[in-house]
Number of protein chains: 2
Amino acid sequence: MSPRPKIALNMNEILLAATDIADEAGLHEVTLATLAKKLSIRPPSLYNHFDGLPHLRKLMAIYGIENLYAALADCMGSESGDQDIMELSKAYVLFARKHPGLYEATLAAPDPADHEVQLAGKKIVDLALSVLQSYSLSEEASLHAVRGLRSILHGFSTLEQNRGFGLALNTDKSLELIIKAFLAGIKEMNT
Amino acid sequence: MSPRPKIALNMNEILLAATDIADEAGLHEVTLATLAKKLSIRPPSLYNHFDGLPHLRKLMAIYGIENLYAALADCMGSESGDQDIMELSKAYVLFARKHPGLYEATLAAPDPADHEVQLAGKKIVDLALSVLQSYSLSEEASLHAVRGLRSILHGFSTLEQNRGFGLALNTDKSLELIIKAFLAGIKEMNT
DNA sequence: TCCCTAAAACTAATGTCGTTAGTTTTATTT
DNA sequence: AAATAAAACTAACGACATTAGTTTTAGGGA
């Protein structure tokens, strides 16, 4: 058909570079200027690959959500439901620790209601729902429980990154106790 | 002593204007340009009141934390510990709903480890600790519990603002069930 | 092999923003 | 009324995102 010219950069390389910048210097340091410099091209050239900074932010959000999903889906598969949820929780927080900038991007899409962004997020919700199955909650209670689990994990991750917790206590132990407490409480959630 | 010239603008008016912009258009829309326009002055004049955008962000963070504290301290004083925590939780989420931009500023200080910012946050932690007293947990367990409560409330607030929850379910009910579950679990937290 | 084509790089230019320097206005105190 | 200092201003600079228009480049078809 039509000529297929070289693909010097593909979107994955760009997102990888953007992730590097975000994780090392913060999401706010991901600009067309810094990204172009890291890719050894000039800022306007980036418009051949995506449609401006807001579009890049959306792509980073989806990329981050998908990477988070992969990290969560990986570290699972024990026998008990409790243990699966604990593993999932630790994997979630570990991802945020290893990729602070990319994790931040996860919730920094210019339009959070965007369909593609919502779709990527839905996979994580479904994963969490499947892990909660062993509790045999009602469908409604399960949804509330997933909201609670996500609130804990997102809040914990964000606060940990922002020194919201003092230095006094081990944060790993906090996470473990918090999840245990929530799971204990969940079992009486049905109504 | 020395002359005391007019104070056309004081810091409170500036923070009020900045809060308006943040709540109506998002924290990222709080720029020296938009703020100056709302105050009917030119951007450079703002440097007579604070030391650039990063400094403003820090001042907004402290201002937001103090306002949040006031909102929490207000809506309390029932008899039972459970009910106090529920009231505190609802007040927290309500504040984030009414002041999305200011709430965002709460955790957007340029240096989260800054002493003044930490000091403002400490008051909220202490308030939460005092509410948890009725559970007679060990000191360490109390600190973990406060971390859990803050994680839930911050995560819930952020996710709600970012359409992290679908539209399927009433969010007020979610909050109530989540807090109840966590409180039920907390009571077995001592070791 | 050579040309055609389209992707992807480039330069140049514009407007906005934060920030600095230097100047003028203004209100209060003496 | 004069002196003073806070707080406004204008002018200018550099960094940034973005647009327009141009050149380079590499693969597909003749």
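We name chains A, B, ... by the order of the sequence lines, and we start the count at 1 in each one.
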If you measure from [atom1] on [X] to [atom2] on [Y], what distance do you get to the nearest 0.5 Å?
X: A/Arg163; Y: B/Asp111; atom1: CZ; atom2: CG; value: 8.0 Å
X: B/Ile21; Y: B/Met60; atom1: CD1; atom2: CE; value: 8.0 Å
X: B/Met86; Y: B/Met76; atom1: CE; atom2: CE; value: 14.0 Å

**Study point:** Presence of A/His49 side-chain N/O under 4.0 Å of C/dA9 phosphate oxygens OP1/OP2
**Key:**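 Yes, A/His49 has a side-chain N/O under 4.0 Å of OP1/OP2 on C/dA9.
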Measure [atom1]/[X] against [atom2]/[N] and give the value in whole Å, please.
X: A/Tyr47; N: C/dT11; atom1: OH; atom2: P; value: 16 Å
X: A/Arg42; N: C/dC10; atom1: CZ; atom2: P; value: 6 Å
X: B/Leu32; N: D/dC9; atom1: CG; atom2: P; value: 14 Å
X: A/Leu35; N: D/dC16; atom1: CG; atom2: P; value: 12 Å
X: A/Met11; N: C/dA8; atom1: CE; atom2: P; value: 12 Å
X: B/Ile14; N: D/dA6; atom1: CD1; atom2: P; value: 15 Å
X: A/Leu46; N: D/dC16; atom1: CG; atom2: P; value: 13 Å
X: B/Ile41; N: C/dG18; atom1: CD1; atom2: P; value: 13 Å

**Study point:** Quiz item: A/Asn48 side-chain donor-acceptor pair to C/dA7 base, under 3.5 Å
**Key:** no
Practice item. Count the heavy atoms belonging to other residues, nucleotides or ligands that lie under 6.0 Å from NZ of B/Lys187, then report whether that count exceeds 12. Key: yes
Check your understanding: If you pin B/Pro43 and A/Gly52 to their nearest nucleotides in DNA chain D, which one's is more 5'?
Key -> B/Pro43
Quick one: which of [options] gets closest to the side chain of [X]?
X: B/Thr31; options: D/dT18, C/dC17, C/dT19; value: C/dC17
X: A/Leu53; options: C/dC10, D/dC9, D/dA17; value: D/dA17
X: B/Pro44; options: D/dT19, D/dT10, C/dC17; value: D/dT10

Review point. Are the side chain of B/Asp114 and the backbone N or O of B/Ala109 linked by a donor-acceptor pair below 3.5 Å?
Key: no
Check your understanding: How is B/Ser45 classified with respect to the nucleic acid when contacts are heavy atoms under 4.0 Å: base, sugar-phosphate, or nothing?
Key -> base
